[in-house]
Chemist: 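Below is a structure I'd like to ask you about.
Only a predicted model underlies this, so the values are computations on that prediction, with no experimental measurement involved.
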Amino acid sequence: MSSQNRRDFLKRVLAGSALASFGISGTKASGRVLGANDRVRIAIAGINGRGQTHMTGFAQMKDVEIACLVDPDSRLFNSRTKIVKDKAGNTPDCVQDIRRALDDKNLDAVSIVTPNHWHTLMAVWACQAGKDVYVEKPCSHTIFEGRKLVEAARNYDRIVQHGTQRRSDPQWIQLTGDIRSGKYGKLLVACAFDSRSRQSIGIKDPQEPPRELDFNLWLGPAPEQPFRTNLVHYNWHWMWDFGNGEIGNLGSHDLDVCRWAMPEGAVPKSVVSLGGRFGYEDQGQTPNTHLTMIDCGEVKLLHEARGLVEENQWKITSEYYTDEGVIRDGKFFAKGKSDGVPIENVPPPGAPEQGPRHMQNFIDCVRSRKREDLAAEILEGHRTSLLVHLGNISYRLGEDVPFDRLTKTFDGDTMFRESFEEMKRHLVDTARLDLARSTCRLGRTLSFDVQAEKFVAAPEANDLLSRPYRGPFVVPERV
């Protein structure tokens with residue numbers, strides 16, 4: 001079959017095609033054996049936004065070749081090829097379908113920077129094809145997917161790094177280690193804050209996709225639906241079929257460092273979440289104001305996301321409350337003290353840096369084959385992504401309740417109640433919300449069995465552990 005005919009065939013593939021069983025089922029995949037000085041050939045999948053930082057990061061590394069760029073939107077190929085050529089000196093292949101890149105026996109690794117709904121499937125396919133994987137956060141779109149990716153990494157003996165790049169930052173390594181060791185007292189509550197301006201995405205009518213965009217490939221595992229201009233390329237974040245909201249976006253980073261600072265063995269036992277999409281009407285589905293509390297036994301984890309803020313009101317940080325005081329704004333405030341003591345070498349607030357050290361750590365482990373040296377090995381990525389999914393599942397199973405009926409809901413938890421009261425003040429001041437005439441989505445309080453990775457006595461919640469797949473883009477039970 002000619003190359004052109006093969007491309008045409010792939011576009012016509014639907015459920016039941018031969019490619020539905022793509023993979024190396026039941027065998028150990030074996031990639032090329034690399035020496036310390038061998039050139040690592042990598043494909044970058046997803047080249048619109050964050051993918052450009054992956055191009056820059058890998059292009060600057062010695063003995064790393066960006067061999068292929070992958071994206072369903074071929075309109076990006078010329079400009080992104082120029083970036084690679086200018087920074088690395090070579091001209092990469094460009095393909096729309098990741099499966100064509102995985103056919104290359106000389107390809108060593110894949111860096112996945114696609115929309116979230118593609119993360120796990122693409123990573124599993126790569127493992128099955130004998131490639132190592134760097135996968136952006138969150139590594140999964142559902143809890144089921146995260147577990148399957150961990151299994152694939154083990155079954156095919158692959159190096160799989162999660163894109164939570166603070167794990168490679170010496171400042172974060174020191175701070176989380178000090179908190180975990182009890183230097184500032186026993187940790188009681190870890191709080192993650194992700195307030196960033198998120199504007200309305202509007203309401204757009206369906207239309208024919210651009211001819212250069214293979215929209216069938218872009219949809220991949222997601223349900224069949226029409227193309228809209230407020231879906232591709234970024235606003236998929238706010239649609240349940242493709243993204244995981246702000247808690248799965250910036251929240252993946254801040255929840256990760258909070259979990260990292262927790263004592264060994266602290267795991268989620270229950271979750272409750274609330275919020276809504278306030279301030280405008282659009283086609284977005286995920287909350288733009290979201291509060292989640294996860295009970296991990298002796299430690300509680302709080303995540304707060306706000307999208308109705310001005311550019312100068314962003315708050316992307318974490319705080320840690322112990323039995324001896326609180327760590328915030330780069331200082332430790334001992335109980336009863338109004339003045340904080342500066343913490344030496346504390347990481348700054350704000351969004352994570354772009355991650356060149358994290359990418360280098362991945363490449364080093366691709367060469368050494370030492371999974372234990374990965375800064376964010378995929379099991380750790382799965383455990384963090386699981387927290388994202390817990391918050392979203394609670395929220396999605398909730399009911400819209402008048403604000404005045406929520407007054408006593410959190411009387412048993414001071415921190416959550418105070419955060420909720422602050423959320424209400426924010427909505428009144430910023431969104432000019434009339435609370436007396438408004439409702440809030442109150443999520444279900446759910447108990448979770450972390451060993452089984454299932455909810456306890458909550459079949460509706462367990463239904464959301466996975467998702468229906470559109471063939472042939474299926475994450476299988478057996479990887």
Side-chain angles (χ1 to χ4, degrees), residues 137 162 164 166-194 247 250-273 291-305 315-350 352 375-376 379-388 390-391 394 410 412-420 422 445 447-448 450-451:
K137 53 74 194 167
H162 190 233
T164 40
R166 285 172 175 160
R167 294 267 177 162
S168 292
D169 186 325
Q171 292 178 311
W172 279 107
I173 293 171
Q174 177 180 317
L175 178 62
T176 56
D178 286 345
I179 297 171
R180 195 167 55 252
S181 71
K183 179 177 180 178
Y184 302 102
K186 182 181 178 181
L187 183 63
L188 302 175
V189 182
C191 300
F193 300 95
D194 291 298
I247 191 174
L250 290 173
S252 293
H253 292 294
D254 290 300
L255 284 170
D256 185 62
V257 293
C258 285
R259 190 181 70 80
W260 196 11
M262 291 165 62
E264 188 83 22
V267 296
K269 298 179 183 298
S270 67
V271 61
V272 64
S273 186
L291 187 61
T292 299
M293 178 70 84
I294 300 173
D295 188 340
C296 298
E298 294 185 355
V299 184
K300 292 186 178 179
L301 197 154
L302 177 73
H303 181 263
E304 178 185 289
K315 182 180 180 181
I316 303 171
T317 190
S318 54
E319 298 176 356
Y320 305 87
Y321 293 79
T322 77
D323 61 356
E324 296 181 15
V326 59
I327 298 167
R328 67 167 176 263
D329 300 329
K331 300 178 180 180
F332 177 64
F333 295 83
K335 277 191 172 181
K337 302 291 185 181
S338 58
D339 294 329
V341 177
I343 298 174
E344 185 178 353
N345 200 35
V346 70
L379 179 58
E380 294 301 320
H382 169 53
R383 288 169 173 166
T384 290
S385 299
L386 185 147
L387 302 176
V388 168
L390 292 182
S394 170
F410 312 111
D413 195 295
T414 302
M415 182 76 73
F416 202 13
R417 185 179 67 251
E418 290 176 353
S419 296
F420 178 59
E422 179 59 31
T445 298
S447 296
F448 190 70
V450 75
Q451 294 300 319

Chemist: List the atom pairs, donor and acceptor, that lie under 3.5 Å between side-chain atoms in residues 181-190 and the rest of the protein, sequence neighbours left out.
Modeler:
| unit_1 | atom_1 | unit_2 | atom_2 | d |
| --- | --- | --- | --- | --- |
| Ser181 | OG | Gly177 | O | 3.3 |
| Ser181 | OG | Asp178 | O | 2.8 |
| Lys186 | NZ | Glu298 | OE1 | 3.2 |

Chemist: From Arg180 CZ over to Leu175 CG, what is the distance, rounded to the nearest 0.5 angstrom?
Modeler: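 Reported value, rounded in 0.5 Å steps: 10.0 Å.
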
Chemist: Nearest 0.5 Å please: distance from the CD1 atom of Ile247 over to the CG atom of Leu387.
Modeler: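 Taking CD1 in Ile247 and CG in Leu387, the distance rounds to 8.0 Å.
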
Chemist: Compare every heavy atom of Lys331 with every heavy atom of Gly340, then report the nearest pair and how far apart it is.
Modeler: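 Of all heavy-atom pairs spanning Gly340 and Lys331, the closest is O-CD, 3.8 Å.
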
Chemist: Test your reading of the model: is there a side-chain donor-acceptor pair from Asp169 to the backbone of Gln171, 3.5 Å cut-off?
Modeler: yes

Chemist: Between Ser419 (side chain) and Met415 (backbone), is there a donor-acceptor pair under 3.5 Å?
Modeler: yes

Chemist: Rounded to the nearest 0.5 Å, how far apart are OH of Tyr320 and CE of Met262?
Modeler: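 Between Tyr320 OH and Met262 CE, I get 11.0 Å after rounding to 0.5 Å.
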
Chemist: Who pairs with Asp295 by salt bridge (Lys or Arg N to Asp or Glu O under 4.0 Å), at least two apart in sequence or on another chain?
Modeler: none

Chemist: Pick out which of Thr164, Leu255, Ile173 makes a side-chain contact (heavy atoms from CB on, under 4.5 Å) with Trp260.
Modeler: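 Among Thr164, Leu255, Ile173, the one meeting side-chain contact (heavy atoms from CB on, under 4.5 Å) with Trp260 is Ile173.
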
Chemist: What distance do His253 atom NE2 and Thr384 atom OG1 have between them, rounded to the nearest 0.5 Å?
Modeler: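 Separation between the atoms: 11.0 Å.
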
Chemist: Please check this pair: side chain of Ser273 against backbone of Ser394, looking for a donor-acceptor N/O pair closer than 3.5 Å.
Modeler: no

Chemist: Can you list every salt bridge (charged side-chain N to carboxylate O under 4.0 Å, His left out) pair that touches residues 252-269, not counting sequence neighbours?
Modeler: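 Every pair satisfying salt bridge (charged side-chain N to carboxylate O under 4.0 Å, His left out) with a residue in residues 252-269: Arg166-Asp254, Arg167-Asp256, Arg259-Glu380.
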
Chemist: Over all heavy atoms of both residues, which pair between Gly251 and Asp194 is shortest? Give the atoms and the distance, please.
Modeler: CA-OD2, 3.2 Å

Chemist: Please assess Lys137 against Val388 for the test side-chain contact (heavy atoms from CB on, under 4.5 Å), listing each intermediate value before the final yes or no.
Modeler: CA-CA 10 Å; Lys137 53 74 194 167; Val388 168; over 6 Å; no

Chemist: What do the steps show when you test Leu291 against Phe420 for side-chain contact (heavy atoms from CB on, under 4.5 Å), and what is the final call?
Modeler: CA-CA 7 Å; Leu291 187 61; Phe420 178 59; 4.1 Å; yes

Chemist: Find the distance between OG1 (Thr292) and CG (Leu301) and round it off to the nearest 0.5 Å.
Modeler: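 These two atoms lie 9.5 Å from each other.
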
Chemist: Given side chains that start at C-beta, do those of His162 and Ser385 come closer than 4.5 Å, heavy atoms only?
Modeler: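 When only atoms from C-beta onward are counted, Ser385 and His162 do touch, with a gap below 4.5 Å.
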
Chemist: Measuring from atom SG of Cys191 to atom CZ of Phe416, what distance do you get when rounded to the nearest 0.5 angstrom?
Modeler: 11.0 Å

